[in-house]
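Because the structure is predicted, anything quoted here is derived from the model rather than measured.
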Amino acid sequence: KKKLMDFNLYKKIINDLSKINYSGILSFHFYGEPLLDKRLIEFTKYAISKIPKVYILIYTNGDYLDRDTFPELIKSGVRKFFVTEHEDKPPKKFLKWYKNSSNYEKKKIIFEKMNKESILSNRGGLIKVKNKKQFES
């Protein structure tokens with residue numbers, strides 16, 4: 001099922017982080033392609049406006065990262081993109097754009113190859129995964 005975080009909940013989380021002067025990482029990532037959410041730019045802009053020292057990462061499979069989307073996300077505050085490869089190669093459309101992108105753009109993208117040994121999170125129990133990472137409290 002398609003489930004999106006309520007924007008008011010997101011704002012509350014960001015506002016709480018602002019109160020403690022958060023300066024760590026904020027990532028939009030796995031088990032739900034963040035670039036499918038049309039509000040992503042609004043989310044990143046809001047985060048930067050409230051917690052300007054935050055380091056925003058986006059994890060994507062690359063399907064929707066292209067020459068139009070990329071600069072808009074960079075302008076909104078995204079610092080890096082982790083393109084996760086679940087197949088033999090990233091999507092053809094993405095590879096075509098990436099091969100023709102500038103050095104500046106290429107420095108903003110990190111490839112992460114997923115395989116059977118990759119340690120994954122189960123997203124709070126939403127998804128069953130074989131190699132899930134155990135977090136210590």
Side-chain angles (χ1 to χ4, degrees):
K1 294 180 181 178
K2 182 178 179 180
K3 292 187 178 189
L4 300 173
M5 180 182 279
D6 179 74
F7 191 59
N8 288 325
L9 174 59
Y10 176 78
K11 289 194 310 189
K12 182 191 179 323
I13 293 166
I14 297 300
N15 292 341
D16 287 349
L17 291 172
S18 177
K19 289 175 187 173
I20 62 167
N21 296 315
Y22 183 73
S23 61
I25 295 172
L26 177 64
S27 61
F28 299 86
H29 58 91
F30 294 116
Y31 306 116
E33 175 57 52
L35 296 173
L36 286 174
D37 191 337
K38 304 296 183 208
R39 307 167 303 161
L40 185 58
I41 290 172
E42 183 180 6
F43 275 51
T44 56
K45 283 181 178 179
Y46 188 80
I48 291 295
S49 75
K50 296 293 183 178
I51 43 177
K53 293 180 182 177
V54 75
Y55 191 96
I56 298 178
L57 300 175
I58 292 188
Y59 284 82
T60 176
N61 62 16
D63 280 339
Y64 301 96
L65 188 58
D66 57 32
R67 76 176 72 260
D68 296 325
T69 308
F70 182 87
E72 290 299 315
L73 287 164
I74 294 294
K75 278 192 264 180
S76 74
V78 176
R79 302 285 266 314
K80 289 273 186 194
F81 295 85
F82 278 84
V83 176
T84 55
E85 295 179 50
H86 296 273
E87 305 294 326
D88 292 337
K89 295 182 199 176
K92 288 180 184 179
K93 180 182 170 187
F94 170 77
L95 277 180
K96 183 178 178 182
W97 170 75
Y98 181 78
K99 287 178 182 177
N100 295 310
S101 63
S102 69
N103 285 336
Y104 169 79
E105 292 168 325
K106 287 179 180 172
K107 287 179 182 178
K108 297 283 185 184
I109 297 170
I110 297 169
F111 289 97
E112 186 171 35
K113 181 79 171 158
M114 307 306 286
N115 58 45
K116 291 179 183 176
E117 287 77 40
S118 296
I119 297 176
L120 305 172
S121 164
N122 72 353
R123 302 283 293 160
L126 288 175
I127 298 174
K128 291 181 183 181
V129 293
K130 291 180 184 177
N131 299 335
K132 70 180 175 183
K133 183 175 185 178
Q134 297 298 322
F135 294 95
E136 295 181 17
S137 54

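Two residues are said to be in side-chain contact when any heavy atoms from C-beta on lie closer than 4.5 Å; I109 and F70 meet this criterion. Residues I14 and Y22 form no side-chain contact, since every pair of their non-hydrogen atoms from C-beta on lies 4.5 Å or further apart. Two residues are said to be in side-chain contact when any heavy atoms from C-beta on lie closer than 4.5 Å; L40 and V78 fail this criterion. In this structure, the side chains of D63 and K93 stay at 4.5 Å or more apart for every pair of heavy atoms.
Proximity of a side-chain donor or acceptor of R39 to a complementary backbone N or O of M5 within less than 3.5 Å is detected. Panel note: side chain S18, backbone K50; a donor-acceptor pair is recorded below 3.5 Å.
The line from CG of L9 to CG of L4 is 12.0 Å long, rounded to the nearest 0.5 Å. Summarising the geometry, atom CD1 belonging to I41 is positioned 10.5 Å from atom CD1 belonging to I74; distances are rounded to the nearest 0.5 Å. Once rounded to the nearest 0.5 Å, the distance linking CD1 of I110 with CG of L57 reads 7.5 Å. Atom CG of N100 is separated from atom CD of E105 by 10.0 Å, given to the nearest 0.5 angstrom. To the nearest 0.5 Å, atoms CG (D66) and OG1 (T69) are separated by 3.5 Å.
Of the candidates F82, Y98, F81, Y98 is the only one forming a side-chain contact (heavy atoms from CB on, under 4.5 Å) with F111.
Electrostatic pairing of E72 and K75 counts as a salt bridge here, judged by a charged N lying under 4.0 Å from a carboxylate O.
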| request: Go through the steps for W97 and D68 under the test side-chain contact (heavy atoms from CB on, under 4.5 Å), then give the verdict. | output: CA-CA 10 Å; W97 170 75; D68 296 325; over 6 Å; no
| request: Would you sort out whether N61 and F94 count as a side-chain contact (heavy atoms from CB on, under 4.5 Å), showing the intermediate values? | output: CA-CA 9 Å; N61 62 16; F94 170 77; over 6 Å; no
| How far apart are the C-alpha atoms of L35 and L73, what are their side-chain angles, what is the distance that settles it, and do they pass the side-chain contact (heavy atoms from CB on, under 4.5 Å) test? | CA-CA 10 Å; L35 296 173; L73 287 164; 3.4 Å; yes
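When all heavy atoms of R79 and K108 are compared, the closest pair comes out as O-CD, 3.1 Å. Heavy atoms only, all atoms of each residue included: A47 and I56 are closest at CB-CD1, 4.1 Å. Looking at every heavy atom in both residues, I58 comes nearest to P34 through CG2-CG, 3.8 Å. The two residues K80 and K107 come nearest to each other via the heavy atoms NZ-O, 2.6 Å.
Partners of F43 by ring pair (Phe, Tyr, Trp, His ring centres under 6.0 Å), not counting sequence neighbours, listed by chain and number: F7, Y10. Applying the ring pair (Phe, Tyr, Trp, His ring centres under 6.0 Å) rule to Y64 yields no partners; only residues at least two apart in sequence or on another chain are considered.
Sequence neighbours left out, the pairs with a member in residues 4-15 that pass salt bridge (charged side-chain N to carboxylate O under 4.0 Å, His left out) are K12-D16.
For K106, the NZ atom counts as densely surrounded, since its 6.0 Å shell holds more than 12 non-hydrogen atoms of other residues, nucleotides or ligands.
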